Amino acid sequence: MDTKPTVSFEDTEVAFQYKSDSAMQKANFIFSLVNHPWISAFATGAVKLAIKLKLPVKTMIRKTVFDHFCGGESIEKTEHVANSLGRFGVKSILDYSVEGEKTEAGFDVVMEETIRTIEKARTSTNIPFSVFKTTGLASTELLEKVQTKSTLNSNEQSAFEKIRNRVDCICKKAYELKVPILIDAEESWIQDTIDGLAYEMMAKYNKEKAVVFNTYQLYRTASLKNLRDSFHVAAMNNYFLGAKLVRGAYMEKERERAEELGYESPIYPDKEATDAAFNQALTFCIDNKQRISVMCGSHNEYSNYFLTVLMEKHSMKTEDDRVWFAQLYGMSDNISFSLAKAGYRVAKYLPYGPVLSVMPYLLRRAEENTSVAGQSSRELTLIQREIKRRKNQNYR
Ligand SMILES: Cc1cc2nc3c(=O)[nH]c(=O)nc-3n(C[C@H](O)[C@H](O)[C@H](O)COP(=O)(O)OP(=O)(O)OC[C@H]3O[C@@H](n4cnc5c(N)ncnc54)[C@H](O)[C@@H]3O)c2cc1C
């Protein structure tokens, strides 16, 4: 098999092959809107206000941003999206994106829903992983208190035991049904607690292969060392390490908090340092592929390309199941579909949940895609190029 990385991310016909002309027009409308900082700020502000005033905006949201970035309102409703991506070799990771649960009953609901995604994945060839955020299962305050090693009162101790049980129930189910489970990374002031739980689960369920994956945010100066240390612990205790690598989603929040409380920011001072750390982490994982399974969670073209080069250097087959590439649904289709076409293992996070409950997720996507430099985003440029290509093709 030819393992030479011949992948290019420029072919928009490949990138958008699963999208109809009307879906392309919708994507063009959404990205044109969010591309302008002031229109984006106005639109997101108006939507937040409309939701607060209970105005009937649900249908409008569902038909626009929700349809573009989410798979549906329930597991069943995501099926047609997972199938349409699957036809082109792009898999889906069902991501229950309801945030802000605060009660024990609410945490149990999230656990049960996550277990349903594992059961769904078990029966579908288009769904290779499941995922959860620990803050969906636990109070952030308690996770933080555990991290600071403060003494817990008996209520807190039993609440933390419940958190551990929820995480264990999910990972056990993942192990039994042979569906690997990703644990998302969150803010640095709760991440040590999340890491602790993740390693406890890996020691239990990763003896034969990587079932439980922890996430490493390479914008954090500590993450490369954390990755190396966790590899050594895995080697010493004879289990496999599952590592999802991301740059990190909470940069502003992290920096603001560090400044406010007067401690050194845990984030690299510039993007170049983050990029270098990310690529070093990829290299470390591939160098240690006998024990590490890696997922590259990134929309950065160079990092994805770099990983294909590393695989080639190590004579790995494109379809080696120790290496996954992952992007978010509704973004960077040029990366996902080109990699899948070249034979690599690719998956998209496919968020789902009731329309109004996934609004925090959707608002973050709007912010992320807003241009700061006043130029068209990469996403918008590719969408417009494909619309033009289809138009020219129809005239021929
Ligand atoms: C499949 C998938 C899963 C994800 N899971 C998680 C998760 O569990 N936890 C999480 O936190 N995020 C997660 N993310 C989001 C991710 O962390 C990034 O926010 C997002 O993907 C953008 O980074 P990039 O590598 O795609 O692109 P790029 O455009 O190359 O990088 C943008 C990122 O670089 C970093 N950055 C930008 N400027 C600077 C600077 N001046 N100094 C230092 N760093 C800088 C920031 O992290 C920023 O988000 C996930 C993303 C994907 C695609």
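The basis for the numbers below is simple: all heavy atoms, side chains too, and nothing from hydrogens, waters or symmetry mates. Read the numbers this way: they start at 1 and go in the same order the structure lists the ligands and their atoms. Computed from a predicted model, the values in this text were never measured in an experiment.
Taking distance alone, with nitrogen or oxygen atoms compared against 3.5 Å, Val246 stays at or beyond that limit from ligand 1.
Judged by distance alone, with hydrogens and angles left aside, the side-chain atoms of Glu386 form no donor-acceptor pair with the main-chain N or O of Phe16 at under 3.5 Å.
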Anything under 3.5 Å between a donor and an acceptor, one on a side chain of residues 291-298, the other on a protein residue two or more places apart or in another chain? List them.
| unit_1 | atom_1 | unit_2 | atom_2 | d |
| --- | --- | --- | --- | --- |
| Arg291 | NH1 | Tyr239 | O | 2.9 |
| Ser298 | OG | Arg247 | NH1 | 3.2 |
| Ser298 | OG | Asn300 | N | 2.9 |

List the atom pairs, with distances to 0.1 Å, where a side-chain N or O of residues 82-90 and a protein N or O form a donor-acceptor pair under 3.5 Å, not counting sequence neighbours.
| unit_1 | atom_1 | unit_2 | atom_2 | d |
| --- | --- | --- | --- | --- |
| Asn83 | OD1 | Asn126 | ND2 | 3.2 |
| Asn83 | ND2 | Glu79 | O | 3.4 |
| Ser84 | OG | Val81 | O | 3.2 |

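For ligand 1, the atoms sitting less than 4.0 Å from at least one non-hydrogen atom of Ser298 are 24 (P), 25 (O), 26 (O), 53 (C), numbered in the order shown with element in parentheses. Short contacts between ligand 1 and Ala326, defined as distances under 4.0 Å to a heavy atom of the residue, involve ligand atoms 1 (C), 53 (C). Near Tyr268, meaning under 4.0 Å from any of its heavy atoms, are these atoms of ligand 1: 42 (N), 43 (C). Set against the non-hydrogen atoms of Tyr250, the atoms of ligand 1 under 4.0 Å away are 11 (O). Proximity to Asp270 (heavy-atom distance under 4.0 Å) selects the following atoms of ligand 1: 40 (C), 41 (N), 42 (N), 43 (C). Shown in contact with Ala249 at under 4.0 Å from a heavy atom are these atoms of ligand 1, numbered in order with element: 10 (C), 11 (O), 12 (N), 17 (O), 19 (O). Within the listing of ligand 1, atoms 3 (C), 4 (C), 5 (N), 6 (C), 7 (C), 8 (O) sit less than 4.0 angstrom from a heavy atom of Lys244.
Counting protein heavy atoms only, atom 44 (N) of ligand 1 is closest to Thr274 OG1, 2.9 Å. In this structure, the protein non-hydrogen atom closest to atom 17 (O) of ligand 1 is Gly248 N, 2.6 Å. Atom 39 (C) of ligand 1 has its closest protein heavy atom at Met251 SD, 3.3 Å.
Considering each of His299, Met295, Lys271, the one bringing a non-hydrogen atom nearest atom 32 (C) of ligand 1 is Lys271.
Within a 4.0 Å radius of atom 50 (C) of ligand 1, the protein contributes one or more non-hydrogen atoms. There is no protein heavy atom closer than 4.0 angstrom to atom 20 (C) of ligand 1.
Put simply, the side chain of Gln384 reaches to within 4.5 Å of the side chain of Ser32, judged on heavy atoms. The shortest distance between side-chain heavy atoms of Glu187 and Gln217 does not fall below 4.5 Å.
Remark: aromatic rings of Phe306 and Phe278 are distant, center separation not under 6.0 Å. Residues Tyr329 and Phe69 keep their aromatic ring centres 6.0 Å or farther apart.
Ligand 1 lies nowhere less than 4.0 angstrom from a heavy atom belonging to Lys133. Residue Arg255 places a heavy atom less than 4.0 Å from ligand 1.
Side-chain contact check for Tyr352 and Thr117: no donor-acceptor pair (N or O, by modelled atom type) lies under 3.5 Å. A side-chain donor from one of Tyr205 and Asp168 sits under 3.5 Å from a side-chain acceptor of the other. For the residue pair Asn334 and Thr12, no side-chain donor N or O sits within less than 3.5 Å of a side-chain acceptor on the partner.
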